[in-house]
Amino acid sequence: MNPALTLGSAAGFLAVALGAFGAHALKGRLDPSALAIYQTAVQYHLIHALVLTALGVWSAARAQAPAPPHWITGSFAAGILLFSGSLYLLAVTGARWLGAITPLGGICFLVGWAGLLWVGLKG
C-alpha cells in the first residue's frame with residue numbers, strides 16, 4: 001500500500017465531492033461570507049490533495065530517488081483535516097470557536113512545505 005497515494009486520492013475525491021456539495025446544496029443556504037469560507041476550505045483541500053498524490057507518485061518511483069519522509073505526508077494530511085475541516089464546519093455550523101483550530105492546520109501545511117524544501121535542498 002502507498003499511504004500518500006491512498007490519502008491523496010481519498011482527499012481529492014472528498015475535495016471534489018465537498019466542492020460540488022457547496023456549489024449546489026449550500027449555495028442558497030449559506031450567506032456569502034460562510035460560502036466564501038467554505039470555498040477557501042475546498043481550495044486548500046484540493047491543492048493539498050494534489051500534493052499528497054504527488055508524494056505518493058514520488059514514493060512509488062523511489063527506485064530513482066529516495067521516498068519522501070512519512071512525516072511530510074502526515075503534515076499535509078493533518079493540515080487538510082485541521083485547516084479545511086475546521087473551515088467546513090465553521091461555514092456550515094457558524095461555530096466561531098472552530099476558527100481557533102484553523103491556524104493549527106495552516107502550521108501543518110507550512111511544516112509539510114518546509115519539509116519538501118528541506119528534502120529539495122539536501123539533494
Side-chain angles (χ1 to χ4, degrees):
M1 183 176 99
N2 183 324
L5 188 57
T6 303
L7 283 170
S9 300
F13 177 89
L14 285 172
V16 171
L18 289 169
F21 177 74
H24 299 288
L26 296 179
K27 192 169 187 175
R29 294 192 169 135
L30 296 181
D31 65 54
S33 174
L35 199 54
I37 290 169
Y38 192 91
Q39 289 305 319
T40 298
V42 171
Q43 179 182 7
Y44 277 79
H45 186 161
L46 188 54
I47 289 167
H48 291 91
L50 291 172
V51 171
L52 283 171
T53 303
L55 288 172
V57 170
W58 177 13
S59 182
R62 68 178 152 221
Q64 291 89 17
H70 292 293
W71 63 267
I72 294 174
T73 300
S75 293
F76 285 120
I80 291 171
L81 182 66
L82 295 172
F83 184 90
S84 294
S86 65
L87 289 180
Y88 288 132
L89 290 172
L90 172 62
V92 172
T93 67
R96 303 305 280 170
W97 66 269
L98 289 163
I101 297 171
T102 308
L104 298 175
I107 290 168
C108 290
F109 287 149
L110 291 171
V111 167
W113 284 110
L116 285 178
L117 175 63
W118 173 73
V119 168
L121 289 173
K122 76 176 199 164

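Because the structure is a prediction, the values reported are computed rather than measured.
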* Quick check: does any side chain N or O of S59 sit under 3.5 Å from a backbone N or O of L55, one acting as donor and the other as acceptor? -> no
* Asked: Taking all non-hydrogen atoms of both residues, which atom of P69 and which atom of V119 are closest, and how far apart?
  -> CD-CG2, 3.8 Å
* To do: Quick one: list whatever passes ring pair (Phe, Tyr, Trp, His ring centres under 6.0 Å) with F109, sequence neighbours left out.
  => H48, F83
* Can you see which heavy atom on S84 is nearest to which on H45, and at what distance? => OG-N, 3.3 Å
* What closest approach, in Å, do A91 and A34 show between heavy atoms, and which atom pair accounts for it? -> CB-O, 3.3 Å
* Please report the closest heavy-atom contact between A11 and I80, naming both atoms and the distance. => CB-CD1, 4.0 Å
* To do: Is it possible for you to say whether I72 and V111 belong to one hydrophobic cluster, with membership spreading through side-chain heavy-atom contacts below 4.5 Å?
  => yes
* Asked: Closest approach of L98 and T93, non-hydrogen atoms and distance?
  -> CD1-OG1, 3.8 Å
* Asked: Do F76 and L116 have side-chain heavy atoms sitting under 4.5 Å apart?
  -> yes
* Asked: Same hydrophobic cluster for L26 and V42, using side-chain heavy-atom links shorter than 4.5 Å among ILVMFWY?
  -> yes
* Asked: If you look only at pairs with a residue in residues 9-43, which of them pass as a ring-ring contact (aromatic ring centres under 6.0 Å, His included), with sequence neighbours excluded?
  -> Y38-Y88
* Does a side-chain heavy-atom distance below 4.5 Å link L5 with T53? -> yes
* Asked: Are L89 and I37 grouped together when hydrophobic residues (ILVMFWY) are joined by side-chain heavy atoms under 4.5 angstrom apart?
  -> yes
* To do: Report yes or no: do L14 and I47 belong to one cluster of Ile/Leu/Val/Met/Phe/Trp/Tyr joined by side chain heavy-atom distances under 4.5 Å?
  => no
* Asked: Which heavy-atom pair separates L82 from G105 by the least distance, and what is that distance?
  -> CB-CA, 3.6 Å
* What distance do L18 atom CG and Q39 atom CD have between them, rounded to the nearest 0.5 Å? -> 10.5 Å
* To do: Is it possible for you to say whether I107 and I101 belong to one hydrophobic cluster, with membership spreading through side-chain heavy-atom contacts below 4.5 Å?
  => yes
